[in-house]
Amino acid sequence: MSRTAAWAVDGARFVLQRLVLRPLVRSVVSVEVEGAERVRDLPTPFVVVANHSSHLDAPLVLGALPPRVSQRLAVAAAADYFFDARWRARITGLVFNAFPVDRGGTRGSHRGLAAQLLDEGVPLLLFPEGTRSRDGSMAPFKVGAAALAVTRGVPVVPVALVGAYAAMPRGRNWPLPGRPPVKVVVGEPLHPREGENARALTQRVALAVERLVLGQDEADGEGEGGPGVVAVVETEARPAADPAQTSLPPEDDAADAPTAPDPGRDEGRPGAGAS
């Protein structure tokens with residue numbers, strides 16, 4: 001993609017995210033944001049990790065983060081659904097800067113794309129629960145996001161979405177009337193420690209997100225946590241598996257993440273815009 005085309009993509013994404021999507025979301029829910037300044041000057045790349053309870057989640061995160069972050073943030077999307085129609089892939093790929101992930105541990109053509117994006121300096125948004133909550137509670141985190149952070153040596157930014165399930169419960173295609181309140185809380189970045197494995201980092205991230213959800217004082221996830229701390233999901237040992245796959249389920253809701261750009265073309269490719 002030429003520099004002119006890249007600037008055009010960046011400009012279009014900025015307009016769609018900040019002047020269309022963000023006002024639309026805030027017209028149907030009342031949004032409060034805390035902690036966005038924690039990533040304002042954070043060098044890219046990094047992995048943003050959030051609890052997943054509603055179709056509002058990705059738009060809420062994008063609208064809460066500073067424009068320089070949200071404009072380049074690439075969102076993981078299931079390749080088996082979100083890439084099946086070119087028009088859907090292009091439109092929502094432009095808005096969400098999404099990238100395809102092969103679900104269920106399948107060895108598709110998109111293996112390694114999440115790691116490649118990090119190598120290129122593109123920040124990622126992943127939902128480690130793998131699917132939206134069925135009852136509003138947090139599910140155990142899978143280790144894929146932390147595995148990417150550990151292998152690439154990048155920080156994880158925990159984000160809590162509070163009230164999103166109540167505003168738009170599973171099964172609804174539009175938020176409840178009355179602009180229900182939703183809170184987006186951005187936590188302190190968590191850096192992989194020397195010798196720390198993906199499971200240990202996942203435990204720290206899950207604990208940080210849970211504490212943000214509960215409104216507790218933030219901690220860096222020291223120790224094993226206390227009662228109610230979300231457990232970490234053990235993943236099977238598959239040497240050839242893509243770490244990003246462990247952040248998406250093999251089935252369930254096809255609409256858990258936004259669509260992605262056409263993988264066969266440069267236009268709209270995650271991170272293709274000018275930096």
Side-chain angles (χ1 to χ4, degrees), residues 35-52 61 64-66 68-70 72-76 99 101 105 111-130 138-161 185-213 216-226 229-248 270-271 275:
E37 70 280 357
R38 288 168 169 161
V39 297
R40 185 170 292 122
D41 299 318
L42 182 66
T44 56
F46 48 80
V47 179
V48 178
V49 162
N51 58 307
H52 198 15
V61 173
L65 297 178
R68 79 158 190 95
V69 175
S70 62
R72 296 201 71 208
L73 191 70
V75 184
F99 67 97
V101 175
R111 278 191 65 249
L113 183 53
Q116 179 185 337
L117 289 169
L118 289 175
D119 290 343
E120 295 174 359
V122 180
L124 308 180
L125 170 59
L126 301 175
F127 298 100
E129 293 164 276
M138 278 179 58
F141 278 19
K142 296 175 172 62
V143 301
L148 286 167
V150 169
T151 58
R152 260 52 196 181
V154 300
V156 177
V157 178
V159 173
L161 298 165
V185 187
V186 181
E188 291 286 353
L190 302 177
H191 295 263
R193 297 167 177 161
E194 185 176 354
E196 186 174 37
N197 61 26
R199 177 180 171 82
L201 179 56
T202 303
Q203 186 68 31
R204 285 205 292 137
V205 172
L207 178 59
V209 173
E210 184 180 49
R211 285 177 169 167
L212 293 172
V213 168
Q216 297 176 356
D217 290 339
E218 189 175 1
D220 66 354
E222 293 283 0
E224 296 301 319
V229 171
V230 178
V232 177
V233 171
E234 288 278 7
T235 57
E236 297 178 12
R238 269 180 273 182
D242 183 352
Q245 293 173 358
T246 60
S247 293
L248 287 174
S275 55

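No experiment lies behind these values; they were computed from the predicted model shown.
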Is there a donor-acceptor contact under 3.5 Å from the side chain of Arg38 to the main chain of Val186?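 Yes; judged by distance alone, with no hydrogens or angles, the pair exists.
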Which residues pass the side chain to side chain contact (heavy atoms under 4.5 Å, CB included) test with Val154, sequence neighbours left out?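 Val154 satisfies side chain to side chain contact (heavy atoms under 4.5 Å, CB included) with Pro45, Val47, Leu118, Ala149, Arg152 only.
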Just jot down the side chain to side chain contact (heavy atoms under 4.5 Å, CB included) partners of Arg68, sequence neighbours excluded, or say none.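 By the side chain to side chain contact (heavy atoms under 4.5 Å, CB included) rule, Arg68 matches Thr44.
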Mind checking side chain to side chain donor-acceptor pair (under 3.5 Å) for Glu196 and listing every partner two or more places apart, or none if nothing turns up? Arg204
For Asn197, give me all partners under side chain to side chain donor-acceptor pair (under 3.5 Å), at least two apart in sequence or on another chain.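 Side chain to side chain donor-acceptor pair (under 3.5 Å) check on Asn197 returns nothing, list empty.
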From CA spacing to verdict: side-chain contact (heavy atoms from CB on, under 4.5 Å), Leu148, Leu126: CA-CA 11 Å; Leu148 286 167; Leu126 301 175; 3.9 Å; yes
Tell me the closest heavy-atom pair linking [X] and [Y], and the distance in Å.
X: Leu73; Y: Val48; value: CD1-CG2, 3.9 Å
X: Glu129; Y: Lys142; value: O-NZ, 3.3 Å
X: Ala114; Y: Phe99; value: CB-CE1, 3.7 Å
X: Met138; Y: Glu210; value: SD-CA, 3.9 Å
X: Ala64; Y: Ala36; value: O-CB, 3.4 Å

With a 4.5 Å heavy-atom cut-off, do Phe141 and Val209 have their side chains touching? yes
Within-4.5 Å side-chain heavy-atom neighbours: Leu212 and Pro158: yes
To the nearest 0.5 Å, what is the distance between CZ (Arg193) and CG (Leu201)? 8.5 Å
Pro66, Pro155, Ser70 screened by side-chain contact (heavy atoms from CB on, under 4.5 Å) with Val39, the one that passes: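 Of the listed options, the one satisfying the test is Pro66.
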